[in-house]
Amino acid sequence: MSTSFKKRLSQLYNEVNQEIYSIGVSKQKIDMLDNRIVIFAQTKRSPLLSVLSGRFTELTASVDAALAVEYKHRLKEKFENQFGMNVITIFKDYDPASQHACTVIYLEEHLNIQY
């Protein structure tokens, strides 16, 4: 189940990224332990946000925060529908300077994944 699960999760994560930012993920690494899934990803910053970031830093920070909330909402909904697992919460952070993101999916129950 591990390889198939990770592949499906990777595709789902990329799908949500494209929905929100119109840009796919260039690299992903998924780690799983007990009831936690940690996804490290690299993606380009949205061109629209890049244009605004030079002169409108406060606005860009607010838009980044709003997009992260929407991202987590969509990822949680789609994850629960696709995998049938209950998500307690999702944490997400993105560093525009390095273009790296970290997402933590915290599940209600432990993963039963064979390695």
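Sequential numbering from 1 along the given sequence is applied to the chain's residues.
Following chains of ILVMFWY side-chain contacts shorter than 4.5 Å, one cannot reach V38 starting from Y71, and the two form parts of different hydrophobic clusters. Side-chain heavy atoms closer than 4.5 Å link hydrophobic residues (I, L, V, M, F, W, Y) into clusters, and following such links, even through other members, never connects V16 to I23. Connection of V87 to M32 is established within a shared hydrophobic cluster, with ILVMFWY side chains joined at heavy-atom distances below 4.5 Å, either directly or through further cluster members. The same ILVMFWY cluster, assembled from side-chain heavy atoms under 4.5 Å apart, contains both I20 and L52.
In this structure, NZ on K7 lies 12.5 Å from CD1 on I30, to the nearest 0.5 angstrom. The CD1 atom of I105 lies 5.0 Å from the CG atom of L9; values are rounded to the nearest 0.5 Å. Put simply, CG on D95 and CD on Q42 are 11.0 Å apart, with the number rounded to the nearest 0.5 Å. The distance from the CD atom of Q11 to the CD atom of Q28 is 9.5 Å, given to the nearest 0.5 Å. How far OH of Y94 is from CG of N17: 9.0 Å, rounded to the nearest 0.5 Å. From Q82, atom CD reaches atom CG of L75 across 10.0 Å, with rounding to the nearest 0.5 Å.
Qualifying side-chain contact (heavy atoms from CB on, under 4.5 Å) partners for T89, counting only residues two or more places apart in sequence or in other chains: F91, Y106. Listed by chain and residue number, R36 satisfy the salt bridge (Lys or Arg N to Asp or Glu O under 4.0 Å) test with D34 (two or more places apart in sequence, or in another chain). Here E80 pairs with nothing under the salt bridge (Lys or Arg N to Asp or Glu O under 4.0 Å) rule; sequence neighbours left out. Considering only residues two or more places apart in sequence or on other chains, E77 meets the side-chain contact (heavy atoms from CB on, under 4.5 Å) condition with H73, N81. Taking V63 as the reference, L49, L59, L67 meet the side-chain contact (heavy atoms from CB on, under 4.5 Å) condition, with sequence neighbours excluded.
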Query - Derivation and outcome, side chain to side chain contact (heavy atoms under 4.5 Å, CB included), residues E19 and K78 - result: CA-CA 12 Å; E19 285 178 12; K78 289 175 182 264; 2.8 Å; yes

Report task. Evaluate the criterion side chain to side chain contact (heavy atoms under 4.5 Å, CB included) for residue pair E109 and N86; output intermediate values, then yes/no. Result -> CA-CA 8 Å; E109 296 187 24; N86 292 327; 5.8 Å; no

Query raised in the report: What's the verdict on side chain to side chain donor-acceptor pair (under 3.5 Å) for T103 and Y13, showing C-alpha distance, side-chain angles and the deciding distance?
Result: CA-CA 10 Å; T103 304; Y13 187 88; 3.1 Å; yes

**Report entry** Stepwise side chain to side chain contact (heavy atoms under 4.5 Å, CB included) test for M85 and F79
**Finding:** CA-CA 7 Å; M85 296 181 222; F79 182 93; 3.9 Å; yes

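Shortest non-hydrogen contact noted between K92 and A101 is NZ-CB, 3.8 Å.
Side-chain atoms of N35 come within 3.5 Å of backbone N or O of L107 as a donor-acceptor pair.
Under the salt bridge (charged side-chain N to carboxylate O under 4.0 Å, His left out) criterion, the residue pairs touching residues 59-71 are R45-D64, E70-R74, with sequence neighbours excluded.
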